[in-house]
Amino acid sequence: MDVGDKTAGTVTLDWADALWADVGGSAGHVHRLAVRRWARGLGAVVLGWAEDRARQRGVDALRLDCVAHNRSLRDYYEGRGFLHRGDARWPGLPGQRAEDVPVLWMSRYERPVAR
């Protein structure tokens, strides 16, 4: 995502996520959302874009997750209408070898897609 001629943020929107395999329903999954500090406020715009894409796809919800101990990020998501759907164990971060990393607890969040 660019603002003027500068990259201000990035996001990946997937239509499946192994961390949510035990939960039914169709959803868009927000991953790797990052916004530069000078682009404060852009996160809400990016989440709105993701919801629009999810609506176009006809899914029921927008989902995301973060490490459970990141209280400030959890507060951010909750402040944008995402509901905590429990914590799940995950074997490390993407790209890390399982034998090198302790198991992480991830907090899962979901927000219904407005129709």
Side-chain angles (χ1 to χ4, degrees):
M1 194 159 251
D2 295 335
V3 173
D5 62 345
K6 296 181 179 179
T7 300
T10 186
V11 68
T12 299
L13 184 60
D14 294 318
W15 305 109
D17 184 339
L19 186 66
W20 289 82
D22 63 321
V23 179
S26 60
H29 298 268
V30 174
H31 292 128
R32 295 175 282 285
L33 171 60
V35 174
R36 296 213 181 257
R37 291 193 188 278
W38 57 262
R40 187 176 182 99
L42 187 61
V45 173
V46 173
L47 290 172
W49 171 87
E51 184 172 359
D52 287 344
R53 297 296 303 234
R55 185 179 307 105
Q56 291 170 6
R57 180 91 174 214
V59 300
D60 300 320
L62 193 60
R63 295 176 177 159
L64 48 80
D65 54 76
C66 65
V67 292
H69 67 267
N70 190 338
R71 188 70 248 174
S72 63
L73 187 54
R74 292 180 63 187
D75 289 344
Y76 177 83
Y77 292 140
E78 290 170 13
R80 274 131 197 93
F82 285 86
L83 300 175
H84 184 238
R85 296 297 189 207
D87 295 338
R89 290 171 52 107
W90 191 250
L93 296 172
Q96 292 178 319
R97 286 182 251 165
E99 65 271 11
D100 296 340
V101 174
V103 171
L104 295 175
W105 281 97
M106 303 298 289
S107 290
R108 301 187 296 185
Y109 284 89
E110 181 178 63
R111 182 171 78 188
V113 171
R115 304 272 174 172

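Residue numbers count from 1 along this sequence.
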* **Within 6.0 angstrom of Arg55 CZ, more than 12 heavy atoms from elsewhere** => yes
* Asked: Nearest heavy-atom pair of Leu19 and Ala88: which atoms, and what distance?
  -> CD1-CB, 3.8 Å
* Assign the ring pair Tyr109 / His84 to parallel, tilted or perpendicular, where the plane angle (0 to 90°) is split at 30° and 60°. => tilted
* Shortest non-hydrogen contact from Pro112 toward Glu51 -> O-OE2, 3.8 Å
* Any side-chain heavy-atom pair of Val45 and Val35 under 4.5 Å -> no
* To do: Mind checking the NE2-CG spacing from His69 to Asp87? Nearest 0.5 Å is all I need.
  => 12.0 Å
* Take atom CZ of Arg71 as the centre, draw a 6.0 Å sphere, and report whether it contains more than 12 heavy atoms from other residues, nucleotides or ligands. => yes
* Can you check salt bridge (Lys or Arg N to Asp or Glu O under 4.0 Å) on Arg108 and Asp22, steps first, answer last? -> CA-CA 12 Å; Arg108 301 187 296 185; Asp22 63 321; 2.8 Å; yes
* If two hydrophobic side chains count as joined below 4.5 Å and joins carry through other members, does Trp105 share a cluster with Leu83? -> no
* Pairs flagged by ring pair (Phe, Tyr, Trp, His ring centres under 6.0 Å) wherever residues 31-62 is involved - sequence neighbours left out -> none
* Spacing of CZ belonging to Arg85 relative to CG belonging to Leu64, to within rounding of 0.5 Å -> 12.0 Å
* Asked: Can you tell me how far the CG atom of Leu13 sits from the CZ atom of Arg32, to the nearest 0.5 Å?
  -> 11.0 Å
* To do: Starting at CG of Asp17, measure out to CZ of Arg63 and round the result to the nearest 0.5 Å.
  => 9.0 Å
* Find the distance between NE2 (His29) and CG (Asp65) and round it off to the nearest 0.5 Å. => 9.5 Å
* Asked: Is there a donor-acceptor pair under 3.5 Å between the side chain of Arg74 and the backbone N or O of Cys66?
  -> no
* Specify the closest pair of heavy atoms between Ala39 and Ala8, including all atoms of both residues, with the distance to one decimal. => CB-CB, 3.7 Å
* Asked: Side-chain contact, heavy-atom cut-off 4.5 Å: Leu47 with Arg80?
  -> yes
* Structure fact -> What one should report as the nearest heavy-atom pair of Ala18 and Trp90 is CB-CH2, 3.7 Å
* Knowing that exactly one of Thr12, Val11, Leu42, Leu73 qualifies, which makes a side-chain contact (heavy atoms from CB on, under 4.5 Å) with Leu33? -> Val11
* Asked: Is there a side-chain contact between Val30 and Tyr77, using heavy atoms and a 4.5 Å cut-off?
  -> no
